[in-house]
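A quick write-up on the structure given underneath.
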Amino acid sequence: MDKNFLNKNIIITGCLGELGRGISEDFLSMGAVVFGIDTEEAVKDKKEFIKEMNLKYNDKYHVSVCDITEVEAIREYCRELSENKIDIDVLVNNAGINMMANAVDVTEENWNDILDVNLKGTFFMSKEVVQLMNKDSGGSIINISSQHGVVGNYKRAPYCASKGGIVNLTKALCLEWAEYNIRVNSILPTFILTSKSEQWLMKPGIYRKYIQDIPMKRYCLVDDIVNAVRFFAGNGSSMITGQALAVDGGYLAK
Ligand SMILES: NC(=O)c1ccc[n+]([C@@H]2O[C@H](COP(=O)([O-])OP(=O)(O)OC[C@H]3O[C@@H](n4cnc5c(N)ncnc54)[C@H](O)[C@@H]3O)[C@@H](O)[C@H]2O)c1
């Protein structure tokens with residue numbers, strides 16, 4: 001167990017999604033206190049997981065409903081933490097949504113939905129949570145972008161725009177907050193094999209097409225991203241900020 005995270009306070013958005021659950025359990029297993037955020041629907045749906053984590057890790061998993069597209073909801077959430085004198089050490093902006101559609105079929109509503117969660121949510125979470133970070137001990141903000149934040153792909157225009165926005169937002173925030181020893185980095189996964197995506201990603205036609213673009217010839221696993229999040233959260237990356245780390249088996253190297 002990495003003792004560096006013992007009793008550290010970590011916020012994870014989208015904590016009940018596939019990746020969010022993996023990141024949550026990793027920090028909990030190292031003794032951290034995890035403040036998870038997700039939608040009302042996800043909290044209802046995953047109440048057994050929340051219970052299991054609290055039983056296993058001494059009630060250190062505090063999951064709240066907070067819609068990160070609502071700036072006032074983010075403020076209210078952070079106000080409560082502040083009133084309880086809780087300093088935050090790490091923020092993982094992980095919540096994200098996508099839809100597959102040709103650009104000509106994307107509606108204004110589709111665009112707003114995706115940009116609001118992926119980009120606006122990431123910015124306003126960072127803006128509010130940075131004020132809960134201790135300016136002496138510093139902090140780490142980790143934004144989950146995508147390989148599609150660097151290259152384009154078909155049927156994903158709003159998603160690509162939002163994830164590209166995250167990569168450059170990361171650089172802008174790293175400049176402003178470096179003087180407080182607060183680092184901001186992004187992670188760019190390739191396709192992650194999850195229980196939700198498996199059926200699609202393993203379809204013979206899709207598998208052949210997607211895998212040929214990944215030199216390592218395999219999809220990303222949740223643990224591959226969890227390892228990168230842990231790296232950016234810990235002291236081992238104390239001189240690294242503003243970076244976009246591709247965890248992509250070489251997809252972006254071509
Ligand atoms: N799965 C992949 O192949 C893949 C690849 C590259 C990047 N990513 C990125 O990784 C992150 C996690 O992806 P995942 O596969 O775990 O997705 P997921 O759908 O399993 O999880 C996303 C979580 O975000 C939550 N969420 C959505 N809108 C929210 C809102 N308004 N407020 C609060 N929470 C909200 C959802 O309820 C869900 O629990 C996303 O940012 C995604 O874009 C995923």
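Every number for a ligand or one of its atoms is a count from 1 in the order of the listing.
- Seen from the ring of Tyr207, Lys209 does not count as a face-on cation partner, given the 6.0 Å and 45° thresholds.
- For ligand 1 and Lys196, the ligand atoms under 4.0 Å from any heavy atom of the residue are 18 (P), 19 (O), 20 (O).
- For atom 29 (C) of ligand 1, the nearest non-hydrogen atom from the set Thr39, Asp248, Thr69, Leu193 belongs to Thr39.
- Interface of Phe191 with ligand 1, defined as ligand atoms under 4.0 Å from a residue heavy atom, comprises 3 (O).
- Within the model, atoms CD of Glu41 and NZ of Lys46 stand 9.5 Å from one another, a figure rounded to the nearest 0.5 Å.
- Compare Ile225, Ile114, Asp38 by their heavy atoms: the one nearest to atom 34 (N) of ligand 1 is in Asp38.
- Atom 28 (N) of ligand 1 has its closest protein heavy atom at Val117 CG1, 3.8 Å.
- Listed for the Asn185 side chain is no donor-acceptor partner under 3.5 Å among the backbone atoms of Thr170.
- Using a 4.0 Å heavy-atom cutoff, Thr194 is absent from the residues neighbouring ligand 1.
- Atom numbering of ligand 1 starts at 1 in the shown order; those under 4.0 Å from a heavy atom of Gly14 are 23 (C), 24 (O), 25 (C).
- Of the protein's non-hydrogen atoms, the one nearest atom 15 (O) of ligand 1 is Glu18 CB, 4.4 Å.
- The protein non-hydrogen atom at the shortest distance from atom 21 (O) of ligand 1 is Gly17 CA, 3.3 Å.
- Judged by the shortest distance from any of its heavy atoms, Tyr159 lies inside the 4.0 Å radius around the atoms of ligand 1.
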(request) Kindly indicate, with the supporting measurements, whether the criterion side chain to side chain contact (heavy atoms under 4.5 Å, CB included) is fulfilled by Ile68 and Phe124. (result) CA-CA 8 Å; Ile68 63 159; Phe124 283 98; over 6 Å; no
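- Comment: Arg218 engages Asp224 in a salt bridge, judged by a side-chain N to carboxylate O separation of less than 4.0 angstrom.
- Nearest protein neighbour of atom 1 (N) of ligand 1, counting heavy atoms only, is Ile192 CB, 3.9 Å.
- Distances below 4.0 Å separate heavy atoms of Leu16 from the following atoms of ligand 1: 39 (O).
- The shortest side-chain heavy-atom distance between Tyr57 and Glu25 falls under the 4.5 Å cut-off.
- Distances below 4.0 Å separate heavy atoms of Cys66 from the following atoms of ligand 1: 32 (N), 33 (C).
- Of all the heavy atoms of Ser145, the ones lying under 4.0 Å from any atom of ligand 1 belong exclusively to the backbone.
- Between the side chains of Lys60 and Asn7, at least one donor N or O sits under 3.5 Å from an acceptor N or O.
- Here Leu19 has heavy atoms under 4.0 Å from ligand 1 in both its backbone and its side chain.
- Taking the six-membered ring where the residue is Trp, Tyr251 and Phe191 present perpendicular rings, their angle passing 60° and hence far from 30°.
- On a distance-only criterion, Pro189 and ligand 1 share no N/O pair closer than 3.5 Å.
- Closest protein heavy atom to atom 27 (C) of ligand 1: Ile97 CG2, 3.8 Å.
- Annotation: side chain of Leu115 is in contact with side chain of Pro158 (closest heavy-atom distance under 4.5 Å).
- At least one heavy atom of Asp67 sits less than 4.0 Å from an atom of ligand 1.
- Close approach of ligand 1 to Thr190 (heavy-atom distance below 4.0 Å) involves ligand atoms 5 (C), 6 (C).
- Side chains of Met53 and Ser24 form no contact here, defined as non-hydrogen atoms less than 4.5 Å apart.
- Side-chain contact between Val129 and Asn93 is absent, with no heavy atoms from C-beta onward closer than 4.5 Å.
- The atoms of ligand 1 that sit less than 4.0 Å from any heavy atom of Lys163 are 40 (C), 41 (O), 42 (C), 43 (O).
- Residue Ser146 has no N or O atom closer than 3.5 Å to an N or O atom of ligand 1.
- Protein heavy atom nearest atom 22 (C) of ligand 1, with residue, atom name and distance: Gly96 O, 3.8 Å.
- At a threshold of 4.5 Å between non-hydrogen side-chain atoms, the residues Glu40 and Lys44 count as touching.
- With a heavy-atom cut-off of 4.0 Å, Glu41 does not touch ligand 1 at all.
- The option from Leu188, Asn94, Ile12 that lies nearest to atom 12 (C) of ligand 1, judged by heavy atoms, is Asn94.
- Backbone and side-chain nitrogen or oxygen atoms of Ile68 are examined, and one is located within less than 3.5 angstrom of a nitrogen or oxygen of ligand 1.
- Taking a cut-off of under 4.0 Å to the non-hydrogen atoms of Ile144, the atoms of ligand 1 that pass are 9 (C), 10 (O), 11 (C), 41 (O).
- At least one side-chain heavy atom of Ile37 sits under 4.5 Å from a side-chain heavy atom of Ile11.
- Between the side chains of Asn143 and Ser145, no donor N or O sits under 3.5 Å from an acceptor N or O.
- Annotation: side chain of Met202 is in contact with side chain of Tyr219 (closest heavy-atom distance under 4.5 Å).
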